Structures are given as C-alpha cells and as structure tokens.
Protein chains: 2
Amino acid sequence: MAAIKPSSTIQENKQYALELCPVTYVMEKIGNYWKPIILFHVAKGPLRYSEIKRAIPAITEKVLIQHLKQLEADGLVIRESKPVVPPHVTYRLSASGKGLYPVIEAMAAWAFEERAGRFA
Amino acid sequence: MAAIKPSSTIQENKQYALELCPVTYVMEKIGNYWKPIILFHVAKGPLRYSEIKRAIPAITEKVLIQHLKQLEADGLVIRESKPVVPPHVTYRLSASGKGLYPVIEAMAAWAFEERAGRFA
DNA sequence: ACAAGTACTTACCCTAAAGTATGTATTATG
DNA sequence: CATAATACATACTTTAGGGTAAGTACTTGT
C-alpha cells in the first residue's frame with residue numbers, strides 16, 4: 001500500500017466531492033480507464049477470469065486482477081470460486097454493480113451515435 | 001506533445017476497441033478522473049472558466065485548462081470568447097457533449113442510490 | 001503606482017498507475 | 001516425468017498524468 005500524500009488535490013476532492021458532487025463520488029469507484037470496460041463485460045453474466053481476459057485482450061493480467069479485486073472490495077462485483085483443480089472462479093455484478101447498468105448502457109449508446117456521426 | 005509508445009497495451013486497446021467495444025470508445029474520450037466531473041458542471045449551461053474553477057475547487061488550473069482544451073478538441077465542449085478586457089470566455093456542451101447527458105445523469109443517480117444504501 | 005481580476009502558459013518535479021517478466025499451486029493426462 | 005490448464009502473485013521498470021510555482025497581457029479601481 002503506497003502512502004497517501006495528503007496534499008494531493010485529488011485527495012482533497014475525495015472529501016469535497018463525496019459531500020457535494022455526485023459524479024466525483026462515482027469517479028472514486030470507476031474513474032479509471034479499465035474499470036468501466038471490465039464492468040461492461042462482467043455485466044454479460046458470470047464470467048470466468050480467463051473469459052474476461054479473453055474479452056479484453058489488451059489488458060494485462062496484473063491490471064485485470066488488480067481491478068477485479070478493487071471492484072470486489074468496492075462491492076461492485078462478486079467473486080465466486082469453486083474449490084476444484086484447475087481453479088474455477090467467476091465474476092458477476094453485485095446489486096450495486098447492476099445499478100451501473102444505465103451508466104454502461106448510456107455509454108454504449110453514445111458510442112454508437114457518435115460513431116454514426118449522429119451528433120455531427 | 002509526448003511521443004506515443006506503441007507497445008503500450010492501452011494503445012493497442014484503442015485500435016481493438018474502437019471497432020469492437022463501445023465502452024472503450026467512450027473511455028478514449030472521457031476515461032479520466034476529471035473529465036466527467038468537468039462535463040457534469042459544464043452541462044449546467046455556459047460557464048465561464050473561473051466559474052468552472054470555483055465549482056471544482058480541488059482541480060488545479062493547469063489540469064482544468066488542459067482538459068477543457070482536450071474536450072474541445074474532441075468536440076465535446078464549445079469554447080466562446082468575447083474580445084474584451086478582462087477576458088470573457090464561456091464553455092458549454094456541444095451536441096455530442098449533450099449526448100453524454102444520459103451518462104452523467106445515470107452516474108449522478110447511481111451516486112444517490114448508493115449513498116442512500118439502496119443497493120445494500 | 002500598485003493591486004486585482006481574467007484566462008490562460010510554461011517549466012519543472014513527483015507519484016500513481018500501468019507494463020514486463022517470471023513464478024506458484026494443484027491435478028489430470030500423455 | 002513433463003506438460004498443460006487455471007487463477008492468480010510478486011518484483012521491478014516505465015510512463016502518463018497530475019501537482020507546484022511562477023509568469024503573461026490588458027484594463028479598471030484605489
């Protein structure tokens with residue numbers, strides 16, 4: 001665990017925002033390049049770790065597992081493992097994570113509109 | 001402009017994702033801690049630079065202007081300046097930026113639900 | 001004459017996040 | 001006995017983004 005530098009303005013923002021700005025609250029949990037992408041795929045149903053990896057070829061295993069752990073810690077995804085060999089682990093959205101459906105869907109919808117040049 | 005390191009997997013992802021994953025497409029444009037926060041405020045109507053700054057006390061001026069320029073370059077916000085002294089510059093959402101309303105609103109909605117413990 | 005206000009710019013430093021590479025446990029299978 | 005498969009872990013390096021501090025131009029107010 002890296003020590004937190006208290007003078008960082010992004011740290012200040014955490015305090016401010018949790019009170020006043022709803023979007024900042026969200027960014028604290030999924031304000032990262034990979035997290036929404038991961039959530040988008042995990043939303044498709046319980047997926048095994050390896051399936052998620054295959055769905056996002058460009059992500060490295062370190063970064064993937066790191067974010068999965070974080071998302072789990074933040075209560076957005078649920079990890080389930082069967083005690084078999086080779087290991088069998090699945091990830092799915094929690095109730096809270098499912099609450100992000102509208103966000104993810106709105107993103108996907110915007111991407112299609114944008115690519116179709118419908119805003120131009 | 002910093003040179004791009006082509007071996008970065010996040011760079012690879014840009015190619016892959018623009019074709020296949022709509023969420024990645026979105027992350028290319030607003031996949032950053034501050035951008036959605038800025039958009040959330042700019043959505044409230046044409047705002048002066050200083051008003052945006054005041055709305056997000058924790059952000060530094062460098063980072064704010066940097067992202068505003070980027071958002072403008074990506075066609076999400078529109079900058080308008082009146083040639084007066086002191087300068088008068090306003091920022092507002094473009095059609096494309098307004099297309100992100102649902103995303104921003106869904107985020108805000110989720111934040112309230114989450115804080116209210118409605119997913120717990 | 002000096003500070004204040006606006007919307008920036010620029011140079012430099014630092015850190016958090018990402019990337020690279022390799023290793024681990026367990027069992028089945030050839 | 002070595003290899004494959006799964007789901008990670010860990011040490012180390014690199015980079016992009018963020019933070020700090022100072023400066024610019026032009027005018028109004030004191």
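Labels below follow one simple rule: chain letters A, B, ... track the order of the sequence lines, proteins then strands, and each chain is numbered from 1. Remember, predicted model here, so these are calculated numbers, not experimental data.
- Across the protein-nucleic acid pair, A:Ile59 atom CD1 and C:dA17 atom C1' stand 12 Å apart, rounded to whole Å.
- Scanning all heavy atoms of the two residues, the minimum distance from B:Ile38 to B:Leu64 falls at CD1-CD1, 3.9 Å.
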Can you name the atoms? Protein N/O to nucleotides 5-13 of chain C N/O, anything below 3.5 Å, with the distance.
unit_1	atom_1	unit_2	atom_2	d
C:dT6	O3'	B:Arg48	NH2	3.0
C:dT6	O3'	B:Pro87	O	2.9
C:dA7	OP1	B:Arg48	NE	2.9
C:dA7	OP1	B:Arg48	NH2	3.0
C:dA7	OP1	B:Val89	N	3.3
C:dA7	OP2	B:Ser50	N	3.1
C:dA7	OP2	B:Ser50	OG	2.9
C:dC8	OP1	B:Arg79	NH1	2.4
C:dC8	OP2	B:Arg79	NH1	3.3
C:dC8	OP2	B:Tyr91	OH	2.8
C:dC8	N4	B:Glu61	OE1	2.9

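- With A:Thr90 contributing its side chain and A:Leu47 its backbone, the two residues share no donor-acceptor pair below 3.5 Å.
- Going from atom CG of B:Leu64 over to atom P of D:dT20 covers 15 Å, rounded to whole Å.
- Between the NZ atom of A:Lys82 and the P atom of D:dA7 there is a distance of 11 Å, given to the nearest Å.
- The heavy-atom pair separating B:Leu76 from B:Lys29 by the smallest distance is CD1-CB, 4.3 Å.
- Judged by distance alone, the side chains of B:Glu72 and B:Tyr91 never bring a donor and an acceptor atom under 3.5 Å apart.
- Computed from coordinates, the B:Tyr33 OH to C:dT15 P distance equals 19 Å when rounded to whole Å.
- Following rounding to the nearest Å, B:Glu28 (CD) and D:dA16 (C1') show an atom-to-atom distance of 14 Å.
- Taking 4.0 angstrom as the limit, A:Asn32 places none of its side-chain polar atoms (N or O) nearer than this to OP1 or OP2 of C:dA16.
- B:Lys53 places a side-chain N or O within 3.5 Å of a backbone atom of B:Pro57 that can act as its donor or acceptor partner.
- B:Ile37 has its side chain within reach of A:Met27: a pair of non-hydrogen atoms, C-beta onward, lies under 4.5 Å apart.
- Between the P atom of C:dA16 and the NE2 atom of A:His67 lies a distance of 15 Å, rounded to the nearest Å.
- Rounded to whole angstrom, the span from the CD1 atom of B:Ile38 across to the C1' atom of D:dG17 amounts to 13 Å.
- In this structure, CE of A:Met27 is placed 14 Å from C1' of D:dG17, rounded to the nearest angstrom.
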